[in-house]
Amino acid sequence: MASAVTTGFSRTAQRGKLSSMFIHPSKSKHITQDPTPLENFKTHCESCTRINANDELTSFYYMLQRQPPPPISSFNQLLAAVAKTKNYQDVIFMYQRMVEVDISPNIITLNVLLNSYCSLKRVALGFSVLGGIFKSGYSPDIFSFTSLINGLFIEDKISDAVGLFNKIIQMGFQPSIRTWGTLIKGLCKSGNAVVALRLHEEAGNKNGRSYLRFKPNLICYSTLIHGLCKEGFIDKGKQLFLEMKVSGIKPNLIAYGGLIHGLCEVGNWEEARQFFIEMVDQGIRPNTIVFNVLMHALCKDGKTNEASGLLNLMILRGEEPDSFTYSILMNGLCLENRIDDARELFDFMGAKGHKRNVVYYNRLINGYCKCHKLEEAMILFKQMIHEDYKPTIITFNTMLIGLFQVGKVEVARGLFAKMKVYEVTPDSTTYNILLDGFFKNNCLAEAIDLFYTLERCGFVLDIETYSCVLDGLCKAGKLDFATELFERLSCKGLVPTAVTYNIMIHGICKTGKMEEAYNMFLEMEKKGCAPDLVTFDTLMKGFCNCNDSPKMVGLLHKMAERNILPDASIVSLIIDILSKDTNCSEYLSEIPKFSTKG
DNA sequence: CTAGGGTTAG
């Protein structure tokens, strides 16, 4: 049975000739084809945009040719200087030239090289440098390991990074404050601020991590505070803020900024204001970024007028608004559907000679798309190209969403084809938009064709993409296809989310097979995926359609267990069923009590 | 030689 379904799919996929249009060539052209060192050097110099780059490379080249060669420490100094400017590519280039003329690196040279690879998201090459360190008879030190831990974090290999940290401790290495800072930063950046906090607490505990010979410093604290607040643990952030004050560390702009940011996100404007005042009292001057954060939070909360009040304050205090400031404000206006005001700001900036950038165009295009003024959006799109701004992936994704929303499928196809022309590579969001757009605009075959083409090309599809396809299939009445695809998810290593389950449950409910729908719900619970309000809403409607009051009451109990409050539509369904059911009083007594406070 | 903050679609 399964094979029949599969065949149905591939036939559709083979029929279309869209594949070549949709799949862009991979970016393999970046790999160079072994030019000679001198050629390499020349093109490298030409492509350098940094002011000092040529100076550095010229003196480097001079050093390379000297006989006898200068000491390795001189090379290290130069490499370190280049690394400091974050031009890691240059460091690697210079290192390779050194090797060519038989200059032996020492541990510092190798560490700089290792760190450059790690910073360029090439931690694997970092590890090969580690091998090279051993081979040259050196021993890796805490610098090498700190860089590797950082590299693992940069590549999102969180557990490997933590594992390496633990391993070097086991091996008897003494971590430096920077190693610790790298660990804290990595955890906070990857959304594991709570883990970072636990480590921090253990470190403070005398019986805990006794190998730490240092106290957390300003950087550790501000990173942690920022990370915790970003994830909504404001109280923990405030606690740490106090703790750092107690241990004699004066909070800086970043610590205050993190706290204010977190408070704004949860809408606690009053406390945010207090900290803002405290910060100013402490002689810390809020910079443009802090103002931007505040304005962004205000705009997101629909308080655009207050945000523009802050803009005035900012200018009054002598802080120069930057490109972010205006784009945040523009977005706020768009969110309030004040597209004309946003346009006015946009034109005003142009008139004032304030440098526009792509983001402004993206924001405004988004604004026009949101209120379905696609012609305006398109005019702006053409204008930005005319003014030599390169459209980005955001520009295209925004336009595509807008076009599909108003049913302009043909224009969307054309725009997608244009991405190639502008050398913008579609990302997974682009494909989700296309799939969703084709499904919603009744281009079922095209959607399935695209989906199969993507799968065949080995494009890494995430659970969002599959959910989108499942939704499209279910809504088109192809529940069989959807079920087959759903069952294939686990062998692709994908875990269905609540959204995925909701889509499937909805699809099954539509066919009236409530037992199957309920089984899907049970599977969801069993797999540890928490059902949400949508899940219950969907099931309630299904059971209501077949007048299954006991099951509805059962669901209400499940909701009570999970502290999910029924919304208006569920309540009306309950009333509906009670009025139909002659045994209503019996069920009435069984309905759980929901506390009104979450 | 190795650690700290903000914006854009769904």
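Quick caveat: nothing in here was measured; it's all calculated off a predicted structure. Order of the sequence lines fixes the chain letters, A, B, ..., with proteins taken first and strands second; residue numbering starts at 1 for each chain.
- By the ring-ring contact (aromatic ring centres under 6.0 Å, His included) test, A:Y256 is found to be paired with A:F241, residues two or more places apart in sequence or in another chain being considered.
- None of A:Y466, A:F459, A:F439, A:F438 except one satisfies the ring-ring contact (aromatic ring centres under 6.0 Å, His included) rule with A:F451; the exception is A:Y466.
- Listed by residue number, there are no residues of residues 123-140 of chain A with a heavy-atom contact under 4.0 Å to DNA chain B.
- Taking A:F381 as the reference, A:F396 meet the ring-ring contact (aromatic ring centres under 6.0 Å, His included) condition, with sequence neighbours excluded.
- In terms of heavy atoms, A:I234 sits closest to A:C229 at CD1-O, 4.0 Å.
- Nucleic acid contact for A:N76: none, since no nucleic acid atom lies under 4.0 Å from a heavy atom of the residue.
- The residue A:K189 sits close only to the backbone: its heavy atoms come under 4.0 Å of sugar-phosphate atoms, none of a base.
- With sequence neighbours excluded, the residues that form a ring-ring contact (aromatic ring centres under 6.0 Å, His included) with A:Y326 are A:H354.
- In this structure A:T179 satisfies the side-chain hydrogen bond (donor to acceptor under 3.5 Å, both in side chains) test together with A:T146, A:S176, sequence neighbours excluded.
- Listed by residue number, the members of residues 358-373 of chain A with any heavy atom below 4.0 angstrom from DNA chain B are A:V359, A:N362, A:R363, A:N366, A:K370.
- A:I393 comes within contact range of no nucleotide atom at all, as no heavy-atom separation falls under 4.0 Å.
- Residue A:I254 is classed as a base contact, given a heavy-atom separation below 4.0 Å to a base.
- Looking only at distances, a side-chain donor or acceptor of A:N357 sits under 3.5 Å from a matching main-chain atom of A:V359.
- In this structure A:A193 satisfies the side-chain contact (heavy atoms from CB on, under 4.5 Å) test together with A:C188, A:L228, A:E231, sequence neighbours excluded.
- If you check every strand for non-hydrogen atoms under 4.0 Å, A:L224 touches nothing.
- Contacts of residues 293-315 of chain A with DNA chain B (heavy atom under 4.0 Å): A:V293, A:H296.
- For A:T109, the side-chain contact (heavy atoms from CB on, under 4.5 Å) partners at least two apart in sequence or on another chain are A:I72, A:N76, A:L79, A:Y95, A:M98, A:P105, A:N106.
- The ring-ring contact (aromatic ring centres under 6.0 Å, His included) search around A:H200 returns A:Y221, not counting sequence neighbours.
- Residue A:T146 is in base contact, counting any heavy-atom pair closer than 4.0 Å across all strands shown.
- Sorted by first and then second residue, the side-chain hydrogen bond (donor to acceptor under 3.5 Å, both in side chains) pairs with a member in residues 111-130 of chain A read A:N111-A:D141, A:N111-A:S144, A:N115-A:S147; sequence neighbours excluded.
- Using a 4.0 Å heavy-atom criterion, one finds that A:T398 contacts the sugar-phosphate atoms exclusively.
- Between A:E336 and A:R338 there is a salt bridge, since at least one side-chain N of the basic residue sits less than 4.0 Å from a carboxylate O of the acidic one.
- Contacts of A:N217 with the nucleic acid, taken as non-hydrogen atoms under 4.0 Å apart, include base atoms.
- Protein chain A contacts DNA chain B over a range whose 5' and 3' limits, counting nucleotides with an atom under 4.0 angstrom from a non-hydrogen atom, are B:dC1 to B:dG10.
- Taking the six-membered ring where tryptophan is involved, the planes of A:Y389 and A:Y361 are tilted, since the angle between them lies from 30° to 60°.
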